[in-house]
Trainee: 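Mind looking over this structure? Questions follow.
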Amino acid sequence: MEPDIQALLDELDRAEREVEQLVGGLTESELNRQPEGRKGWSVAQIFEHVSTTNDEYITAVVGALAAAQARGGAERRGPIRLPWFGCWFVGQLEPPPRRRFRAVAKTQPPSAASKLEVLLHFRAAQANVRGFLRQYAGLDLNRIRFPNPFLPGIRFTCGTAFHILNAHTRRHLWQARRVLAGFSPAES
């Protein structure tokens, strides 16, 4: 596996281990508790949002990759390079957040979810991204673009998309840790 692709895969694995560790140690009540005194999502809602976002996003990316593969002539020409706008956008997603983004309606999480539901959905979403990254790693991820499902009119490279997904997950892992840090010792 090429080093740039392996680095993305390693980040997907690392995030999955961290979510397993965070969620695995919580009771159902802790998992679904929303921050007190301010608006915000519970840990369950955070990871349901990440999973749903990954599902929606990777569907758009794979559509573009499959179409390019069918047309032929889109073989890999080198490691993933983020164009300036993609680099800027990924930077906006990195924790700690400097800018707040509103979740689009189709990525709004349910009000509550079980530990099993959260973990299974997250694992499946990560496996989906991982599988498609491996499947299409031989394509020119710097040239093939896809229509962003959340920002109409914006087209990113497919290579940028995988960086966006990882940055989005890191952002929400940071958010989940902050939510958990807000629990008093008696609550945790």
Side-chain angles (χ1 to χ4, degrees), residues 1-19 22 40-41 43 45-66 68 74 76-109 121-179:
M1 190 66 54
E2 297 292 339
D4 60 320
I5 302 297
Q6 189 60 55
L8 289 166
L9 292 168
D10 290 346
E11 178 63 19
L12 289 163
D13 292 342
R14 187 204 62 73
E16 189 169 337
R17 285 190 305 273
E18 188 170 349
V19 168
L22 277 174
W41 287 340
V43 172
Q45 289 173 307
I46 290 167
F47 293 123
E48 280 297 301
H49 162 76
V50 170
S51 300
T52 301
T53 299
N54 285 2
D55 291 341
E56 290 286 329
Y57 216 75
I58 201 65
T59 298
V61 172
V62 168
L65 290 169
R76 182 178 168 91
R77 294 184 181 151
I80 295 172
R81 296 176 316 281
L82 296 178
W84 76 267
F85 184 69
C87 189
W88 175 83
F89 192 80
V90 168
Q92 295 301 301
L93 292 173
E94 291 291 353
R98 292 172 291 287
R99 171 178 293 193
R100 187 180 159 131
F101 295 100
R102 193 166 201 56
V104 297
K106 58 185 165 185
T107 67
Q108 288 290 331
H121 191 190
F122 189 78
R123 285 178 194 144
Q126 292 292 91
N128 213 14
V129 173
R130 194 180 294 112
F132 286 124
L133 179 55
R134 283 187 179 115
Q135 180 178 346
Y136 294 108
L139 295 182
D140 189 351
L141 300 177
N142 292 315
R143 195 180 86 211
I144 304 165
R145 295 182 173 273
F146 72 101
N148 189 300
F150 307 125
L151 302 169
I154 302 289
R155 295 174 63 85
F156 287 114
T157 66
C158 291
T160 300
F162 291 104
H163 284 277
I164 287 170
L165 290 171
N166 278 339
H168 181 251
T169 301
R170 286 190 296 273
R171 177 188 190 99
H172 287 297
L173 275 163
W174 179 88
Q175 180 186 14
R177 288 190 299 269
R178 301 261 307 167
V179 168

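Since we're looking at a predicted model, the values are computed, not measured.
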Trainee: Taking side-chain hydrogen bond (donor to acceptor under 3.5 Å, both in side chains) as the definition, give me every residue that meets it alongside R171, ordered by chain and number, with sequence neighbours left out.
Mentor: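 Once residues adjacent in sequence are excluded, R171 has no partner under the side-chain hydrogen bond (donor to acceptor under 3.5 Å, both in side chains) criterion.
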Trainee: What heavy-atom pair brings P147 and A60 nearest, and what distance separates the two atoms?
Mentor: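 For P147 and A60, the tightest heavy-atom pair comes out as O-CB, 3.8 Å.
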Trainee: For D13, give me all partners under salt bridge (charged side-chain N to carboxylate O under 4.0 Å, His left out), at least two apart in sequence or on another chain.
Mentor: R130
Trainee: Do L8 and L133 have side chains that approach each other closer than 4.5 Å (heavy atoms only, starting at C-beta)?
Mentor: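 They are in side-chain contact.
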Trainee: What residues form a ring-ring contact (aromatic ring centres under 6.0 Å, His included) with F89, not counting sequence neighbours?
Mentor: F156
Trainee: Out of the candidates D4, T160, I5, only one should pair with L141 under the side chain to side chain contact (heavy atoms under 4.5 Å, CB included) rule; please name it.
Mentor: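 Among D4, T160, I5, the one that satisfies the side chain to side chain contact (heavy atoms under 4.5 Å, CB included) with L141 is I5.
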Trainee: In the structure I gave you, are the side-chain heavy atoms of F101 and L93 within less than 4.5 Å of one another anywhere?
Mentor: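 Yes, their side chains come closer than 4.5 Å.
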Trainee: Rounded to the nearest 0.5 Å, what's the gap from CH2 on W174 to CD1 on I46? Could you check?
Mentor: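 So the CH2 of W174 and the CD1 of I46 are separated by 10.0 Å.
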Trainee: Applying ring-ring contact (aromatic ring centres under 6.0 Å, His included), can you list everything that pairs with W88, at least two apart in sequence or on another chain?
Mentor: F85
Trainee: Quick one: closest heavy-atom pair of A137 and R76, and the distance?
Mentor: O-CD, 3.4 Å
Trainee: Kindly indicate whether the side chain of H121, heavy atoms from C-beta on, has any atom under 4.5 Å from the side chain of D55.
Mentor: yes
Trainee: Tell me, please, which residues at least two apart from Y136 pass ring-ring contact (aromatic ring centres under 6.0 Å, His included).
Mentor: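 Result, ring-ring contact (aromatic ring centres under 6.0 Å, His included) vs Y136: none returned.
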Trainee: Might you point out which heavy atoms bring A161 and V61 nearest each other, and give the distance in Å?
Mentor: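 Looking at all heavy atoms of both residues, the closest pair is CB-CG2, 3.5 Å.
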Trainee: Would you call L173 and R14 a side-chain contact if the rule is heavy atoms closer than 4.5 Å?
Mentor: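 L173 vs R14: side chains touch.
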Trainee: When you compare the side chain of Q175 with that of R178, does any pair of heavy atoms fall below 4.5 Å?
Mentor: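 SC-SC contact between R178 and Q175 ruled out.
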Trainee: Sequence neighbours left out, what passes side-chain hydrogen bond (donor to acceptor under 3.5 Å, both in side chains) with H163? Give chain and number order.
Mentor: none
Trainee: By the salt bridge (charged side-chain N to carboxylate O under 4.0 Å, His left out) test, which pairs, at least two apart or in different chains, include something from residues 146-157?
Mentor: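 Passing the test, one end in residues 146-157: no pairs.
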Trainee: Of all heavy-atom pairs between I144 and A68, which one has the smallest distance, and what is that distance?
Mentor: CD1-CB, 3.6 Å
Trainee: Kindly write out the residues that satisfy side-chain hydrogen bond (donor to acceptor under 3.5 Å, both in side chains) with R177, not counting sequence neighbours, or none if the list is empty.
Mentor: E18
Trainee: Are side-chain heavy atoms of L165 and Y57 found at a separation under 4.5 Å?
Mentor: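 They are in side-chain contact.
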Trainee: Counting only N and O atoms by type, is there a donor-acceptor contact under 3.5 Å from the side chain of N148 to the main-chain atoms of G153?
Mentor: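 No; zero donor-acceptor contacts below 3.5 Å.
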Trainee: My understanding is that only residues two or more places apart in sequence, or in another chain, count here; which of them pass side-chain hydrogen bond (donor to acceptor under 3.5 Å, both in side chains) with N54?
Mentor: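 Partners of N54 under the side-chain hydrogen bond (donor to acceptor under 3.5 Å, both in side chains) test: Q126.
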Trainee: If the test is side chain to side chain contact (heavy atoms under 4.5 Å, CB included), which one of V50, V43, V19 qualifies with H172?
Mentor: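 That would be V50.
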Trainee: Looking only at heavy atoms, what is the nearest atom pair of F146 and T157, with distance?
Mentor: CE2-O, 3.6 Å
Trainee: Which residues pass the salt bridge (charged side-chain N to carboxylate O under 4.0 Å, His left out) test with R134, sequence neighbours left out?
Mentor: none
Trainee: Taking side chain as C-beta onward, heavy atoms only, is T169 less than 4.5 Å from F47?
Mentor: no
Trainee: Nearest heavy-atom pair of P109 and W41: which atoms, and what distance?
Mentor: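 That closest heavy-atom pairing would be CD-CZ2, 3.5 Å.
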Trainee: Scan residues 79-104 for pairs that pass salt bridge (charged side-chain N to carboxylate O under 4.0 Å, His left out), counting only residues two or more places apart or in two chains.
Mentor: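 Qualifying pairs: E94-R170.
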Trainee: So how far is it from E56 CD to T107 OG1, rounded to the nearest 0.5 Å?
Mentor: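 Result: 8.0 Å between the selected atoms.
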Trainee: Could you work out, with salt bridge (charged side-chain N to carboxylate O under 4.0 Å, His left out) as the rule, every residue matching R123, not counting sequence neighbours?
Mentor: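 Salt bridge (charged side-chain N to carboxylate O under 4.0 Å, His left out) list for R123, sorted by chain: E20.
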